[in-house]
Enquirer: 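A single structure is presented below for examination.
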Amino acid sequence: MPEEPESRPSNFVRDIILDDLKTNKFQGRVQTRFPPEPNGYLHIGHAKAICLDFGLADEFGGHTNLRFDDTNPSKEETEYVDSIMEDVMWLGFHWDGLFYASDYFEQLYAWAVQLIKAGKAYVDDLSADEIRKYRGTLTEPGKDSPFRNRPVEENLNLFERMRAGEFPDGSRTLRAKIDMASPNLNLRDPVMYRVLHTEHHRTGKNWCIYPMYDYAHGQSDSLERVTHSMCTLEFEDHRPLYNWFIQQLGIFPSQQIEFDRLNLTYTLLSKRKLLQLVQEKRVSGWDDPRMPTISGIRRRGYTPEAIRNFCGAIGVSKTNGSIELAMLEHFVREDLNKRAPRVMAVLRPLKVVIDNYPENQVEEMDAVNNPEDADAGTRKVPFSRVIYIEQDDFREDPPKQYFRLSPGREVRLRYGYFVTCTSLVKNDNDEVVEVHCTYDPATRGGNSPPDGRKVKATIHWVSAAHAVDAEVRLYENLFACEDPNRTSEGEDFTANLNPLSLEVLSECKVEPSLAVATAGSRYQFERLGYFCADRDSPAGKVVFNRTVALKDTWAKIEKKGK
RNA sequence: UGGGCCGUCGACUAAUGGUAGGUCAAGUGCCUUUGGAGCACUUUGUCUAGGUUCGAAUCCUAGCGGCCCAGCCA
């Protein structure tokens, strides 16, 4: 433990651990767990939990288990198990133990028998519907089930036969005998086991009764001697039940601590809804770069560091709020700015002919790979008479404050030359299709000329003869409104989908060095944004996903002018 | 409505009875071979009302507002 007081901002969970350490509550141990249900892919909200669970244990020399909460065989699959392990590792965390709640089925069963014998659990013959009716409401107490006071021997016999498969799905449950009048609905004799004749992804056909979350989770924590069991706020009401089982069983007293789940503007963090998007093919899959899943944002080009920094910055509390997406984007830009090599790419090409440049000449210009990283070195970029520039970088009739190329104006071609626009060519639709310029040989490399002449804009370009064809996928928010859950009558969240969330540009021209870009490599396309090579390569083209655009001051000025 | 939890700049989060601070966003300027990055500066906040106290974001009381719970989901 460092002598200096920690300078990092604390949070209430850390404070609890600090306090427990001080009072020696758990003999100085910190044991956590990350307990995903393998019924979907992990998303950025899980990343927050992962950073908390693993991060806090790491900080105090503790341990973290990865435990799959696989108590409901009807929703769970190994595909999800695999993706979850991959995502946790990719985020940069290492679990100590790898467990499954299903590892504990036998122990859980034995404990259930123990509770039956102690008169704390009973087999109920009520149907799901009847159970609901007997439960009462928020304001009215429930009623005891007519089967609540069955003799222990009968309960034992029935529970054994439930396990043996004698009863159909839904016919009987095992319930904890607590208090049907409790103001906390979770304590009104919660179901511990249900009959489910369904094959389990790990235990196969061994079981036809499965424990409920409330009965499995705390006991699993206890078995792993978890000291600090972090979960989200909605489980706050379950804590008394979590503690009840542990106390009745007299087992290791794990401690549940609830924190606020992550909410992000313009995005949905619900596995159920993300699954719906996948199933309805509103996105290409769980790893569609527009998805807030770990696999989606990985494919989009986010780095684990950026995500971890983000999770550290947003903090942990019990306040129900929503983080602005801009905050996440800030941390990707911050990280990528330091590490992404710069390259030149033209997304919407406009042909430029430099009339006074020798017809067949090619010059290899020196370009800096990353101004933020001296070690990144330089590379050569070919320059020639015909180049492409961005359509956005030319205006026939430039508005105020527009500094880029326009008739009669001189700009710098980055690492190239100063060029002045002399004329333009239009098509029948009055669109500019070609621009003619002259260059100043005294500005080679983009250097200012001896006369000290200044230019207000520097634009990027690609030599036409050397350009590599590429496809670029531009992404906008998947949802068009800040809170995708807010819908008008009769609509569901899919009504808020942003129809413009994906724009495919297939005529892009990128500098030759990108011909060999491998899937997953990240670049900054100068003046445009950060891009990540995708594994897709339709028609042999290189494909890039836009991770996030660069901050665009001009766009702001232009918007304000309107 | 019974119960549980939560209210601090526009957003997120610190301050643990003693100077309301940080990050993001927004704005202004500097700088710039990316209108990027960087740097500097600026704006904006303790839900309300009472009380305790020399002193309250913090403690107490009462309001107000928000979130969660009536799955054999987790």
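Protein chains get the first letters and strands the later ones, always in sequence-line order, with residue 1 at the start of each.
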Enquirer: Say you pick atom C1' in B/U61 and the same atom in B/G22; how far apart are they, in whole Å?
Expert: 33 Å
Enquirer: Does the A/R412 side chain pair with the main chain of A/G446, one donor and one acceptor, at a distance under 3.5 Å?
Expert: yes
Enquirer: How far, in whole Å, is B/U13 from B/G27 if one measures between their P atoms?
Expert: 24 Å
Enquirer: Would you kindly check if the NZ (Lys) or CZ (Arg) of A/R414 is within the cone defined by 45 degrees around the ring axis of A/W461 and under 6.0 Å from the six-membered ring centre?
Expert: no
Enquirer: Got a sec? Which of residues 42-53 of chain A come in under 4.0 Å of RNA chain B, heavy atoms?
Expert: none
Enquirer: Categorize A/Q401 for me: base, sugar-phosphate, or nothing, with a 4.0 angstrom heavy-atom threshold over every strand shown.
Expert: base
Enquirer: Are any of the side-chain nitrogens in A/R379 or A/E511 under 4.0 Å away from the carboxylate oxygens of its partner?
Expert: yes
Enquirer: How does RNA chain B look in dot-bracket notation if pairs are Watson-Crick or G-U with both distances under 3.5 Å, crossing ones as [ ], other-strand ones as |?
Expert: .((((((..((((....[..)))).(((((.......)))))....(((((..]....))))))))))).....
Enquirer: If anything within 90° of 0 is syn and all else is anti, what is B/G38?
Expert: anti
Enquirer: Looking across every strand, which nucleic acid part, if any, lies under 4.0 Å from A/S322 by heavy atom: base, sugar-phosphate, or nothing?
Expert: sugar-phosphate
Enquirer: Should A/D70 and A/R202 be marked as a salt bridge (charged side-chain N to carboxylate O under 4.0 Å, His left out) after you check the CA-CA gap, both sets of side-chain angles, and the distance that decides it?
Expert: CA-CA 9 Å; A/D70 55 351; A/R202 296 196 85 234; 5.2 Å; no
Enquirer: Check every strand shown and say whether A/L233 touches a base, only sugar-phosphate, or nothing at a heavy-atom separation below 4.0 Å.
Expert: nothing
Enquirer: Taking atom C1' in both B/U16 and B/G71, compute the distance separating them and give it to the nearest angstrom.
Expert: 40 Å
Enquirer: Distance check, P atoms only: B/A57 and B/G51, in whole angstrom units.
Expert: 15 Å
Enquirer: What are the two closest non-hydrogen atoms of A/V419 and A/C437, and how far apart are they?
Expert: CB-CB, 4.0 Å
Enquirer: What does A/E526 touch in the nucleic acid at a heavy-atom separation under 4.0 angstrom: a base, only the sugar-phosphate, or nothing?
Expert: base
Enquirer: Please work out if A/Q524 contacts a base, only the sugar-phosphate, or nothing of the nucleic acid, heavy-atom cut-off 4.0 Å.
Expert: base
Enquirer: If you measure from the C1' atom in B/G65 to the same atom in B/U46, how many Å do you get, rounded?
Expert: 16 Å
Enquirer: A/L126 near the nucleic acid: base, sugar-phosphate alone, or nothing, with a heavy-atom cut-off under 4.0 Å?
Expert: base
Enquirer: Which pair of heavy atoms, one from A/M192 and one from A/A121, lies closest together, and at what distance?
Expert: SD-CB, 4.0 Å
Enquirer: Which sits closer to the 5' end of RNA chain B, A/R412 or A/N39, going by the nucleotide each is nearest to?
Expert: A/R412
Enquirer: Show every salt bridge (charged side-chain N to carboxylate O under 4.0 Å, His left out) that has at least one partner inside residues 446-456 of chain A, sequence neighbours left out.
Expert: A/E410-A/R453, A/D440-A/R453, A/D451-A/R453
Enquirer: Once you apply a heavy-atom cut-off of 4.0 Å, does A/K556 come out as touching a base, just sugar-phosphate, or nothing?
Expert: sugar-phosphate
Enquirer: I'd like the 5' and 3' limits of the part of RNA chain B contacted by chain A, with heavy-atom contacts below 4.0 Å.
Expert: B/U1 to B/A74
Enquirer: Look at A/E329 together with A/K551 and state whether they make a salt bridge at an N to O cut-off of under 4.0 Å.
Expert: no
Enquirer: Should the pair A/R150-A/D125 be classified as a salt bridge under the 4.0 Å nitrogen-to-oxygen rule?
Expert: yes
Enquirer: Any base atoms under 4.0 Å from A/S317, or only sugar-phosphate, or nothing? Heavy atoms, all strands.
Expert: sugar-phosphate
Enquirer: Please find the pair of heavy atoms, one from A/C208 and one from A/R163, that lie closest to each other, and give the distance.
Expert: SG-O, 3.4 Å
Enquirer: Assign A/Y402 to base, sugar-phosphate, or nothing according to its heavy-atom contacts below 4.0 angstrom with the strands shown.
Expert: base
Enquirer: Give one of base, sugar-phosphate or nothing for A/V316, where a contact means two heavy atoms less than 4.0 Å apart.
Expert: sugar-phosphate
Enquirer: Do the side chains of A/D124 and A/R172 get close enough for a salt bridge, i.e. N-O under 4.0 angstrom?
Expert: no
Enquirer: Roughly how far apart, to the nearest Å, are B/A20 and B/U8 at atom C1'?
Expert: 8 Å
Enquirer: Using the P atoms only, state how far B/A62 lies from B/C9, rounded to an integer number of Å.
Expert: 25 Å
Enquirer: Classify the ring geometry of A/F105 against A/W207: parallel below 30°, tilted from 30° to 60°, perpendicular beyond 60°.
Expert: perpendicular
Enquirer: Using a 4.0 Å heavy-atom cut-off, does A/H238 contact any base of the nucleic acid, only the sugar-phosphate backbone, or nothing at all?
Expert: base
Enquirer: Assign each of A/T139 and A/E372 to its nearest nucleotide of RNA chain B by heavy atoms, then name whichever residue's nucleotide is nearer the 5' end.
Expert: A/T139
Enquirer: Check every strand shown and say whether A/P371 touches a base, only sugar-phosphate, or nothing at a heavy-atom separation below 4.0 Å.
Expert: base
Enquirer: Contact class for A/D15 vs. all strands (heavy atom < 4.0 Å): base, sugar-phosphate, or nothing?
Expert: base
Enquirer: By a strict heavy-atom criterion of less than 4.0 Å, which residues belonging to residues 439-448 of chain A are in contact with RNA chain B?
Expert: A/G445, A/G446, A/N447
Enquirer: If you draw a 6.0 Å radius around CD in A/E160, do more than 12 non-hydrogen atoms from other residues or ligands fall strictly inside?
Expert: no
Enquirer: Looking at A/K133 and A/D129, does any basic side-chain N land under 4.0 Å from a carboxylate oxygen?
Expert: yes
Enquirer: For atom P, what is the distance between B/G63 and B/U1, given to the nearest Å?
Expert: 12 Å
Enquirer: Does any pair with a residue in residues 311-321 of chain A pass salt bridge (charged side-chain N to carboxylate O under 4.0 Å, His left out), and if so which ones, sequence neighbours excluded?
Expert: A/E236-A/K318, A/E258-A/K318
Enquirer: State whether A/D392 and A/R404 are salt-bridged, where the test is any N-O pair (Lys NZ or Arg NE/NH1/NH2 against Asp/Glu carboxylate O) under 4.0 Å.
Expert: no
Enquirer: Just to be sure I understand the rule, does A/T458 reach a base, reach only the sugar-phosphate, or reach nothing, if contact means heavy atoms closer than 4.0 Å?
Expert: sugar-phosphate
